[in-house]
K.L.:
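Pasting a structure here, questions to come.
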Amino acid sequence: MNETYGLRINGRDEQVREAWLGESLLYVLRERLGLPGSKNACEQGECGSCSVFCDGVLVNACCLLAADAVDAEVTTVEGLGAGSTPVQRAFLDEGAVQCGFCTPGLVMAVTDLLQRTSDPSETELREAISGNLCRCTGYGRIFAAVRAAQQGDAQ
Amino acid sequence: MTDTSTRERADRVVGHGLGTSAPRPDGTPKVRGQFAFSSDLWADEMLWGRTVRSPHPSARIVRVDTTVAEAMAGVHAVLTAADVPGRATYGLEHTDQPVFASDVVRYHGEAVAVVAADHPETARRAAAAVVVDYDVADPLVDPEAAIDAIPIHPDGNVFRHVRIVHGDPDAAGDVVVEGAYEVGMQDQAFLGPESGLAIPAEDGGVDLYISTQWLHVDRDQVAACLNLEPERVRLTLSGVGGAFGAREDVSLQVHLCLLALATGRPVKMLYSREESFFGHVHRHPARMTYRHHATRTGDLVKVEARLVLDGGAYASSSTAVIANASCFAAGPYRVPNAVIDGWAVRTNNPPCGAMRGFGAVQACFGHESQMDRLAAALGMDPVDLRLRNALRTGDVLPTGQRITGVAPVRECIEAAVAHPLPPPAADDPLERPGGAGLTVDSADVRRGVGFAVGFKNLLYSEGFDDYSTAAVRLELAADGEPVATVHCAAAEVGQGFVTLAQQVVRSELGVERVVLRTADTGVGSAGSTSASRQTWMSGGAVQAACEAVKIALAARGGDLSAGPIEELREHHHRPTSPLDERGQGDAHVSYAFAAHRAVVDVDPGLGLVRVVQIATGQDIGRALNPLAVIGQIEGGIAQGVGLAVMEEVLVADGCIQNPSFTDYLIPTALDMPAVAATLIEQPEPGAPFGAKGVGEAPTISSTPAVVAAIRAATGVELARVPVRAADIAMPQAASRGAAQT
Ligand code: FES
Ligand code: FES
C-alpha cells in the first residue's frame with residue numbers, strides 16, 4: 001500500500017517516500033516534509049488552522065489526501081515570503097496573536113481575502129475568516145490586523 | 001481610563017517597558033509558522049502513542065487482552081495498569097484518578113491502556129485491537145442523587161461541602177425572590193490539542209516536552225507514578241496552543257513517559273479533537289437555587305443559596321472550584337446575612353475541574369439572574385439596584401473577610417453603561433440572528449439590553465503557599481552591551497507572560513535586550529498559569545530578582561565588566577487562611593471585578609440570537625500592556641458569549657454526545673459581538689506594579705449579561721445556559737397557542 005510520489009510545495013519539488021496513501025496533505029507536510037507551520041486543531045475541516053493554498057485556492061490541508069495534491073502547486077505559511085508579509089506584520093502590530101495556534105491558518109485566510117478584494121466590507125471580512133476558529137482573541141484584534149494590513153497594502 | 005473604541009494607534013508607546021504595548025517576543029515565529037508547539041515536535045526513531053479508552057461511563061473490567069495488539073507489525077508496546085511502576089493514581093489535589101483503570105471504569109473515555117507504534121495509523125489500529133471485556137453497570141449521573149448514593153469510589157461521592165453562615169441566618173427582608181438556575185458543561189476548547197514528546201534519558205529518567213499550565217506539579221505527579229526521583233523527570237515547556245484551565249490536570253504526561261521508558265525510544269502523543277474532549281476536564285455543570293431578601297428600598301438583607309456542582313468521576317480541582325463558587329455566590333454586593341451551601345460531588349459524568357472563571361462563572365449566572373428578578377420585584381432599574389449594593393473597599397464578604405484592596409465595582413458599572421449603544425441593525429440579512437441561514441425576517445427581530453456584574457479571587461486561596469521563582473542574570477554581551485536573561489518556569493499559554501517578563505526587566509534594569517530561557521523544571525516552581533496569577537506572582541518574582549541584581553550591581557559600583565550577576569528570588573503572596581466550619585476566614589488575597597452590558601437581537605419565534613455588542617468596565621489595577629489587556633478582555637468575553645448561547649458538552653447517560661468542533665460550537669468571527677471596553681486603573685496595594693490579573697473577569701459576567709438581554713428582548717424566563725433556540729421559541733409557541741384557544 002505504500003507508495004512514493006512527488007509534491008510541489010512552496011516552489012520546490014519534494015519526494016514523499018514509501019508513504020501510506022491514506023495520509024492527508026496536512027500529515028505529509030507536518031510529519032514527512034518538515035513543514036509543521038500548518039496546524040492540526042481538528043483534522044476534520046472545522047477550524048481552518050491547516051489552511052494552505054492549493055493551486056491558489058484556500059483549502060483545509062487536513063481534508064485533502066496528499067496523493068491528491070500531486071501536480072498541484074501548494075503554498076504553506078512557510079512559503080509566503082522570506083521575511084514577514086504585510087499581513088503577518090499587521091498580526092504582530094495589532095495584537096492579533098496570543099497562543100498563535102490559529103495564526104498560520106488565519107494569516108493564510110486573510111492573505112487570500114486581501115488577494116481577492118482590497119477593501120472587504122465588515123461582513124465580507126467576518127465571513128472570510130469564519131472558517132478559522134480562534135479561542136484566545138475573540139477576533140477583535142484580528143479584525144484590526146486585517147484593516148491595518150489593508151492600509152499597509154494601500155500605501 | 002482607556003476607551004478602546006476610540007484608542008488610536010499612536011497611543012502605543014514604543015520603548016517596550018511596563019505600560020507600553022510591547023510586542024510579543026514569540027510573535028514573529030508564530031505568524032511565520034516557525035513556533036514549535038508541542039504537536040510540532042519530532043525526534044529520530046520516534047514512535048506514536050495512542051490511548052485505549054472506555055466506551056462506558058460505568059463498568060467493571062472483566063478482562064484486558066493485549067496479545068493481538070502486541071503482535072501487530074509496527075507495534076512496540078502495549079501498557080496497562082500492571083505496567084505502572086509507581087503510584088497507580090494521580091490528581092491535582094487528591095490522587096484519586098488511576099493512570100489506567102484496572103478494576104472499574106468511572107467515566108466515558110477513561111484510559112484503560114496505551115500503545116506505541118511506528119505510525120499514528122498503526123497506533124490507532126493497535127489501540128482498537130486491544131480487547132477489553134466490560135461488565136456494564138448503570139452510571140450514577142444525577143449529582144443531587146450522588147450526595148447520598150452508594151459511593152462509586154473508595155474516597156466517597158462528596159468531594160467537598162462548603163457551608164457559609166454569615167450574620168443572622170434568620171434575617172428576613174420585605175421583598176423575597178427565589179429562583180433555580182442551571183449551567184451546562186462548557187469545554188475550554190483550546191485550539192492546540194494535548195500533545196507531547198517523551199525521550200528516555202541515559203540516567204534511567206525521562207525528558208518530557210509538553211504543553212501544560214504548571215510544569216512542576218506535572219513533574220511531581222509523573223515522577224510518583226513512574227517511581228522515579230523528581231530530578232530524573234525533567235519537563236520542558238513546548239509551545240502551548242491555549243489552556244483556559246484544561247491543562248492544569250495531567251492528561252497524557254504519565255502515559256507518554258511510561259511508553260518512552262518501556263520502548264527506549266522517543267514517543268509522541270497527539271490527541272485528536274475528539275479525544276481531547278475525553279482527555280481533559282471541563283467546566284462543572286451547576287444546579288443552583290437562590291433566595292434573595294431585600295428591603296423595600298432595595299438594600300440586600302440576606303442571600304440564601306444552594307449550589308451543586310457535578311465534578312464527574314475524579315476530584316481534579318473540584319474542592320477549590322466549589323470553594324470559589326460558594327465564596328462568590330452572592331456576587332459583588334454588600335450582603336449582611338448569608339447562608340450558602342456548596343456541594344461538589346462525584347458522578348459517572350466526565351470529570352470537571354478548572355476553566356477560566358473557576359466556580360465564579362456558575363455562581364454569577366445565579367446571582368445576576370436573581371438581581372434582575374429582585375429589581376423587577378422592587379420596580380427598580382437593574383443597574384440602580386446593583387449600584388446601590390455595590391461592594392466597596394472596607395466592605396465585608398459573606399466569608400467575613402474585609403476587602404482591603406481596591407474594589408471599584410461602581411466604576412466598572414458606570415463605565416460599562418457609559419458606552420454608546422450600538423445603532424439599530426443594518427438591513428444586511430447577514431447581520432440578522434441566524435446570519436447566513438437567511439431564515440429571519442427583519443420585522444420579527446427584537447432588540448434587548450442586559451446587564452451583569454461579577455468578580456472572583458486572584459491567586460491561590462485558603463492557606464495555599466502560593467509562590468513563583470525567577471532567576472535574572474545581567475552581563476555584558478560580546479558587543480559590550482548589557483543583556484539580561486530571565487529563567488522562570490511560568491507557562492506561557494498565549495496570555496503573554498513572555499512579553500511581560502521582558503517589560504519588567506526593561507523597566508527595572510533599564511536594559512533593552514532581554515533574553516528568555518525556555519521554561520523548564522531546571523529552575524524552581526512558578527506555580528500555575530491560572531487564577532489570573534502569573535502577572536502578579538511571576539511578574540513579582542522577576543521584579544524581585546531584578547531588585548537583587550540592582551543591589552549587587554551597585555555594590556560593585558555599577559561595573560559589569562567583572563562578570564555576570566545572577567540572582568534568584570521567590571515571590572510569595574501574603575498568607576491566607578482556610579475557611580472554618582462556618583465558611584469564615586481570610587481566604588483570599590485580592591479580587592478582580594468587571595461589569596458587562598450586552599445588546600442582542602433575537603427572533604423570538606425561531607429562538608435565534610445575535611449578540612450585537614458587549615460593553616464592559618473592568619478593574620485591572622494597572623495596564624502593564626494595554627494591547628494585551630484588550631486581547632484578554634475580548635477573548636474572555638468570547639468565551640462568556642459562547643457559554644451564554646452556544647457552548648455545551650452534551651452528556652446523555654454519562655456519554656459525551658458531541659466531541660467535535662462540528663457539534664461543539666465555539667464563537668466564530670461571525671458570532672463575535674463588537675466589544676467596547678473601559679479599563680479601570682486603580683493600583684492594587686500589595687500587587688507588584690499595582691496590577692491585577694485580567695484573564696478571568698471578562699468571562700464571568702458576560703454570560704449573564706447576554707442572557708439578561710435575551711430575557712429583555714423576549715420576556716422569556718431563561719434559567720439555564722447555554723440558552724438554546726427551543727428555550728426561547730418553545731415558551732413563545734406555547735403562549736401563542738394558549739392565546740389562540
Ligand atoms: S485541522 Fe484542518 S480544518 Fe481543522
Ligand atoms: S491565538 Fe490562540 S487560538 Fe487564536
Side-chain angles (χ1 to χ4, degrees), chain A residues 20 22-23 27 30-31 34-47 49 76-78 80-81 83-85 87-89 91-104 107 121-123 125-143 148, chain B residues 9 12 21 23-24 26-37 39-40 42 119-121 188-193 239-244 270 272-273 428 430-431 436 493-496 627-628 630-639 660-662 666-672 674-675:
Chain A
W20 176 49
E23 289 170 0
Y27 180 85
R30 292 175 51 78
E31 302 296 340
L35 293 169
S38 311
K39 299 300 172 208
N40 49 350
C42 77
E43 302 201 63
Q44 53 185 198
E46 288 292 345
C47 74
S49 68
T76 71
V77 68
E78 290 98 337
L80 285 181
S84 292
T85 65
V87 171
Q88 288 167 319
R89 277 198 300 278
F91 268 65
L92 288 180
D93 294 346
E94 299 297 323
V97 180
Q98 289 186 29
C99 85
F101 207 83
C102 67
T103 307
V107 163
S121 71
E122 173 79 11
T123 311
L125 161 53
R126 286 177 180 252
E127 276 261 272
I129 63 168
S130 64
N132 292 77
L133 298 177
C134 173
R135 189 55 160 170
C136 299
T137 66
Y139 307 102
R141 299 308 99 198
I142 294 169
F143 299 146
Chain B
R9 294 190 60 177
R12 290 176 206 161
S21 290
R24 300 184 66 98
D26 56 9
T28 298
K30 281 179 174 176
V31 296
R32 292 193 192 165
Q34 293 162 345
F35 181 80
F37 291 92
S39 48
D40 300 335
W42 193 91
H119 188 285
E121 180 60 19
Q188 299 84 350
F190 48 55
L191 270 238
V240 184
F244 317 116
L270 163 66
S272 67
R273 180 53 53 183
D428 186 345
L430 285 171
E431 289 190 24
V493 302
Q495 84 280 25
L627 196 54
I630 292 304
Q632 287 297 310
I633 289 177
E634 290 174 335
I637 285 173
Q639 293 182 3
S660 73
F661 280 160
T662 310
I666 65 173
T668 70
L670 283 167
D671 301 309
M672 187 62 192
V675 172

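Chain letters run A, B, ... following the sequence lines, proteins first and then strands; every chain starts at 1.
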K.L.:
Check the orientation of B:His119 and A:Trp20. Use parallel for under 30°, tilted for 30 to 60°, and perpendicular for over 60°.
P.N.:
perpendicular
K.L.:
For B:Ser272, is it the side chain, the backbone, both, or neither that has a heavy atom closer than 4.5 Å to a heavy atom of chain A?
P.N.:
neither
K.L.:
Is there side-chain contact between A:Gln98 and A:Arg135, with at least one heavy-atom pair below 4.5 Å?
P.N.:
no
K.L.:
Side chain, backbone, both or neither: which part of B:Asp428 has an atom under 4.5 Å from a heavy atom of chain A?
P.N.:
side chain
K.L.:
Under a 4.5 Å cutoff for heavy-atom pairs, which residue among B:Gly27, B:Gly192, B:Gly239 has the most contacts with chain A?
P.N.:
B:Gly192
K.L.:
Checking A:Val107 against chain B: side chain, backbone, both or neither under 4.5 Å from a heavy atom?
P.N.:
side chain
K.L.:
How close do A:Gly45 and A:Cys42 get, heavy atom to heavy atom, and via which atoms?
P.N.:
N-SG, 3.6 Å
K.L.:
Would a 4.5 Å heavy-atom cut-off, applied to side chains only, mark A:Glu127 and B:Leu670 as touching?
P.N.:
yes
K.L.:
Using a cut-off of under 4.5 Å on heavy-atom pairs, state which of B:Ala628, B:Gly242, B:Ala638, B:Ser39 scores highest against chain A.
P.N.:
B:Ser39
K.L.:
Got A:Lys39 and B:Asp40 here, is their nearest side-chain heavy-atom distance under 4.5 Å?
P.N.:
yes
K.L.:
Below 4.5 Å, heavy-atom pairs only: which of A:Ile129, A:Ile142, A:Thr123 has the largest tally toward chain B?
P.N.:
A:Thr123
K.L.:
Between A:Asn40, A:Leu125, A:Leu35, which residue shows the highest count of heavy-atom pairs closer than 4.5 Å to chain B?
P.N.:
A:Asn40
K.L.:
With chain A as the partner, which of B:Asp671, B:Asp26, B:Leu430, B:Ile666 has the greatest number of non-hydrogen pairs under 4.5 Å?
P.N.:
B:Ile666
K.L.:
Chain B: which of A:Gly34, A:Gly131, A:Ser130, A:Cys102 shares the most heavy-atom pairs with it under 4.5 Å?
P.N.:
A:Ser130
K.L.:
Between B:Ile637 and chain A, with a heavy-atom cut-off of 4.5 Å, which part of the residue counts as in contact: side chain, backbone, both or neither?
P.N.:
neither
K.L.:
What are the two closest heavy atoms between B:Phe244 and B:Gln188, and how far apart are they?
P.N.:
O-CG, 3.3 Å
K.L.:
For B:Gln632, is it the side chain, the backbone, both or neither that has a heavy atom under 4.5 Å from a heavy atom of chain A?
P.N.:
both
K.L.:
So which of B:Arg273, B:Glu431, B:Lys30 has the biggest tally of heavy-atom pairs under 4.5 Å with chain A?
P.N.:
B:Lys30
K.L.:
Any heavy-atom pair between the side chains of A:Phe101 and B:Val240 that's under 4.5 Å?
P.N.:
no
K.L.:
Out of B:Pro23, B:Pro29, B:Ser660, return the one with the most heavy atom pairs under 4.5 angstrom to chain A.
P.N.:
B:Ser660
K.L.:
Below 4.5 Å from any heavy atom of chain A, which atoms of B:Pro667 appear? Answer side chain, backbone, both or neither.
P.N.:
both
K.L.:
Please tell me whether B:Thr662 and A:Glu46 have a donor and an acceptor in their side chains that are separated by less than 3.5 angstrom.
P.N.:
yes
K.L.:
Of all the heavy-atom pairs spanning B:Glu634 and A:Arg141, show the shortest one and how long it is.
P.N.:
OE2-NH2, 2.7 Å
K.L.:
Looking at every non-hydrogen atom in both residues, tell me the closest pair between B:Leu191 and B:Pro193 and how far apart they are.
P.N.:
O-CD, 3.1 Å
K.L.:
Would you mind checking which part of B:Arg32 comes under 4.5 Å of any heavy atom in chain A, side chain (CB onward), backbone (N, CA, C, O), both or neither?
P.N.:
both
K.L.:
I'd like to know which of A:Cys99, A:Gly81, A:Gly37 tops the heavy-atom pair count under 4.5 Å against chain B.
P.N.:
A:Cys99
K.L.:
Picking from A:Gln44, A:Glu122, A:Glu43, A:Glu78, which has the most non-hydrogen pairs under 4.5 angstrom with chain B?
P.N.:
A:Gln44
K.L.:
Sort A:Leu80 into side chain, backbone, both or neither according to what part of it lies under 4.5 angstrom from a heavy atom of chain B.
P.N.:
neither
K.L.:
Among B:Pro120, B:Ala243, B:Gly496, B:Gly636, who wins on heavy-atom pairs under 4.5 Å with chain A?
P.N.:
B:Pro120
K.L.:
Considering non-hydrogen atoms only, spot the tightest contact between A:Leu133 and B:Phe661 and give its length.
P.N.:
CD1-CD1, 3.7 Å
K.L.:
Side chain, backbone, both or neither: which part of B:Ile633 has an atom under 4.5 Å from a heavy atom of chain A?
P.N.:
neither
K.L.:
Can you give me the closest heavy-atom contact between A:Arg30 and A:Ser38, atom names plus distance?
P.N.:
NH1-O, 3.0 Å
